[in-house]
Amino acid sequence: MDAPPPGAGGESLAGGVLRRATAFVDGLRTASAADVVAFTHHTAILALRAVLERRSVTEVVDEARVRKTPNAAVLVYEQVDGLFHVRGTVQPDC
C-alpha cells in the first residue's frame, strides 16, 4: 500500500487511509491463507483497527489519544463467521 503521507498534500486518515484499510480487510475475507501478518505505521493501524473492530475512526483515535498506540506491538485478531475479533495484544517488554 504505497501512498502519500497524511497531512498537507497527502491523504487523510478519514479518507484515503481508511479506504485502503477497508480494501485490505475485504481481501482478507476471501484470502486462502489461514494466517496474515501486516506491518504498518500509526495512521494505518488506527484505520485497520477501526475496520477490523467495526468501530468509528473517531472512537479509535480518541482512544489512542488517551492510551497511546505503542511503537511496537502485535495485535491478534481472529476471523469467525466473517467478523474479526480481538484475541490479544503483545507489547515488547522494554
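Just so you know, these numbers come straight off a predicted model, no measurement behind them. Side-chain atoms are counted along with the backbone in the values below, which use heavy atoms only and exclude waters and symmetry mates.
Counting only heavy atoms from C-beta outward, the side chains of Val57 and Leu46 never approach each other to under 4.5 Å.
Applying the salt bridge (charged side-chain N to carboxylate O under 4.0 Å, His left out) rule to Glu63 yields the partners Arg49, Arg55, Arg67; only residues at least two apart in sequence or on another chain are considered.
For the atom pair OG1 (Thr22) and CG (Leu48), the distance works out to 8.5 Å, reported to the nearest 0.5 Å.
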Donor-acceptor pairs are to be reported for all side-chain atoms of residues 82-90 against protein atoms at under 3.5 Å, with residues two or more places apart or in another chain.
unit_1: Arg87; atom_1: NE; unit_2: Glu78; atom_2: OE1; d: 2.6
unit_1: Arg87; atom_1: NH2; unit_2: Glu78; atom_2: OE1; d: 3.0

Inset, instruction - Let me see the working for Leu75 and Leu52 under side chain to side chain contact (heavy atoms under 4.5 Å, CB included), right down to the final yes or no. - result: CA-CA 11 Å; Leu75 307 176; Leu52 289 168; over 6 Å; no
